[in-house]
**Q** 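My structure is below; once you've seen it, I'll send some questions.
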2 protein chains.
Amino acid sequence: MIRLLLADDQALVRGALAALLDLETDLEVVAQVGRGDEVVEAARASGAEVCLLDIEMPGLNGIDAAAAVRRELPGVRSLVVTTFGRPGYVRRAIEAGASGFVVKDTPARQLADAVRRVHAGLRVIDPDLAAESLIDGPSPLTDRERELLTHALDGSPVATIAARVHLSEGTVRNHLSAAIGKTGATTRSEAARIAQDRGWL
Amino acid sequence: MIRLLLADDQALVRGALAALLDLETDLEVVAQVGRGDEVVEAARASGAEVCLLDIEMPGLNGIDAAAAVRRELPGVRSLVVTTFGRPGYVRRAIEAGASGFVVKDTPARQLADAVRRVHAGLRVIDPDLAAESLIDGPSPLTDRERELLTHALDGSPVATIAARVHLSEGTVRNHLSAAIGKTGATTRSEAARIAQDRGWL
DNA sequence: AGCTGGCCGTGACACCTGTCATCCGGACCG
DNA sequence: CGGTCCGGATGACAGGTGTCACGGCCAGCT
């Protein structure tokens, strides 16, 4: 019997996944959480062996949660699930210590198999995503550029961003200009979207 | 036995919801589709009585799909499910002929009850969302403003938007300026986000 | 000790954007 | 019929934005 922890911020999806996986006779959902920063504690308390982690979560995202699990509970394996593409996430998830990476677009029947493989110590990675992540390569952005791009995601004016990060307005423009060049965009909003799509944020 | 159709673009979520609802002895999932424009045909072929529709779908969104079901299959009821807030969606979903509106944040156990109520001819609406939709009121945007805002969602420059809709650059700026005023924003990106959050797009 | 590269800042310049005033045509309504 | 509203357009102006050149600081590497 494989003991599972589910982490997803949407209660309905979480409950539905639990129903799906509980149908398997060799799987048992022993914990469910809706926030990334509750994963480690719940996994420890419930004695989970595999954690199914969504990326988009309040508190702590799924990748950082996988890293925390890796650090605090070395024997527990993580399987990261996310909504779509975002090839860059694959690389970061694996580097964070996740054993698998699955998109929510895969057929439901394959999920249980992915869990079993991860539990057995194998790596499970969506082949299409793996290929894309190799094509795009790692992020060329510096830490500052990444930080500023995340603040530019919602289209905030430069002045606002500069105030939030306590930098000069000109400096922010320079960093963002560099990021625009590296992403091949022409606007900071466009650069931010491209970077996010590639998982560089 | 209530015959159900599931529509969600993410196969994993779709399958999981099917597993969840099939656990109920009085419910039966008779059709699953991943696109909005396949809903009516699948509902007709399978003899579904209630359609569970996600809003974000390729082809046709859940609200328009509900309207199509209403028009083509008057006896079939629709229950719209979406990821979060977006109060304006509630109003539009109901106007489109949906019998219910549920967010993916609700506990999994309540979903089956919502389906039963909708099947019985009752209206099911998340109370928090209903309250918010009353506070925000209907969209004050004109059709043009709405159209231009959707093109402004990704942060495209005015020139690009003008070319896409075959309008003068100045006209686009004027409409967007009006939209910015109505949303209380200071940038077209911000206005676009606000309008989307309120379901005005 | 030099070189490199990231980070921070300034200044200048061309261009883009948001706002306002003003105009015209059509549709709708009292 | 006149009033009102929306769509479309123009022109002008202040302020925001992207780019570039330049300088300075610091860490790491040769």
**Q** Pick out which of B:Val33, B:Val39, B:Val81 makes a side-chain contact (heavy atoms from CB on, under 4.5 Å) with B:Leu53.
**A**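 The single option meeting the side-chain contact (heavy atoms from CB on, under 4.5 Å) with B:Leu53 is B:Val39.
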**Q** Quick check on contacts: within residues 160-171 of chain A, what sits under 4.0 Å from DNA chain C by heavy-atom distance?
**A**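 DNA chain C contact set from residues 160-171 of chain A: A:Leu167, A:Ser168, A:Gly170, A:Thr171.
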**Q** Applying salt bridge (Lys or Arg N to Asp or Glu O under 4.0 Å), which residue pairs with at least one partner in residues 153-162 of chain A are found, sequence neighbours left out?
**A**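 For residues 153-162 of chain A, and leaving out neighbouring residues, there are no salt bridge (Lys or Arg N to Asp or Glu O under 4.0 Å) pairs at all.
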**Q** Whole-Å distance between D:dC6 C1' and B:Leu141 CG?
**A**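 Whole-Å distance recorded here is 14 Å.
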**Q** Name the one of B:Val124, B:Asp26, B:Val102, B:Leu4 that satisfies side-chain contact (heavy atoms from CB on, under 4.5 Å) with B:Val115?
**A**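 Filter result, single survivor: B:Leu4.
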**Q** Using the side-chain hydrogen bond (donor to acceptor under 3.5 Å, both in side chains) criterion, which residues pair with A:Arg123? Sequence neighbours excluded.
**A**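 A:Arg123 satisfies side-chain hydrogen bond (donor to acceptor under 3.5 Å, both in side chains) with no other residue.
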**Q** Can you pull the side chain to side chain donor-acceptor pair (under 3.5 Å) pairs that have at least one residue in residues 158-172 of chain A, sequence neighbours excluded?
**A**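 Qualifying pairs, neighbours excluded: A:Ser156-A:Arg164.
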**Q** Does B:Asp54 have any side-chain hydrogen bond (donor to acceptor under 3.5 Å, both in side chains) partners at least two apart in sequence or in another chain, and if so, which?
**A**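 Residues passing side-chain hydrogen bond (donor to acceptor under 3.5 Å, both in side chains) with B:Asp54: none at all.
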**Q** Can you pull out every side chain to side chain donor-acceptor pair (under 3.5 Å) where at least one residue sits in residues 63-81 of chain B? Sequence neighbours excluded, please.
**A**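 Counting only pairs at least two positions apart or across chains, the side chain to side chain donor-acceptor pair (under 3.5 Å) contacts touching residues 63-81 of chain B are B:Asn61-B:Asp64.
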**Q** If you fit an axis to the five pairs at each end of the helix from C:dA1-D:dT30 to C:dG30-D:dC1, how big is the angle between those two axes, to 10 degrees?
**A**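 End-to-end axis angle: 30°.
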**Q** So, do B:Asp8 and B:Lys104 sit near enough that their side-chain heavy atoms are less than 4.5 Å apart?
**A**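 Of all side-chain heavy-atom pairs linking B:Lys104 with B:Asp8, at least one is under 4.5 Å.
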**Q** Mind jotting down which residue pairs meet the side chain to side chain donor-acceptor pair (under 3.5 Å) criterion with at least one end in residues 32-46 of chain B? Sequence neighbours excluded, please.
**A**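 Sorted result for residues 32-46 of chain B: B:Arg35-B:Asp37.
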**Q** Please list, in numerical order, the residues of residues 142-155 of chain B that have a heavy atom closer than 4.0 Å to any atom of DNA chain C.
**A**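 Residues of residues 142-155 of chain B that come under 4.0 Å of DNA chain C do not exist, since none gets that close.
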**Q** Contact list please: residues 173-187 of chain B against DNA chain C, heavy atoms, distance less than 4.0 Å, in numerical order.
**A**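 Contacts with DNA chain C under 4.0 Å: B:Arg173, B:Asn174, B:Ser177, B:Ile180, B:Thr187.
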**Q** What I'd like to find out is whether the side chain of A:Ile125 reaches to under 4.5 Å of the side chain of A:Ile94, using heavy atoms alone.
**A**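 Of all side-chain heavy-atom pairs linking A:Ile94 with A:Ile125, at least one is under 4.5 Å.
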**Q** Can you list every pair that meets salt bridge (Lys or Arg N to Asp or Glu O under 4.0 Å) and has a residue in residues 173-190 of chain B, with sequence neighbours left out?
**A**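 Passing the test, one end in residues 173-190 of chain B: B:Glu145-B:Lys182.
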**Q** List the residues meeting side-chain hydrogen bond (donor to acceptor under 3.5 Å, both in side chains) with A:Arg144, not counting sequence neighbours, and say none if there are none.
**A**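 So A:Arg144 forms a side-chain hydrogen bond (donor to acceptor under 3.5 Å, both in side chains) with A:Glu147.
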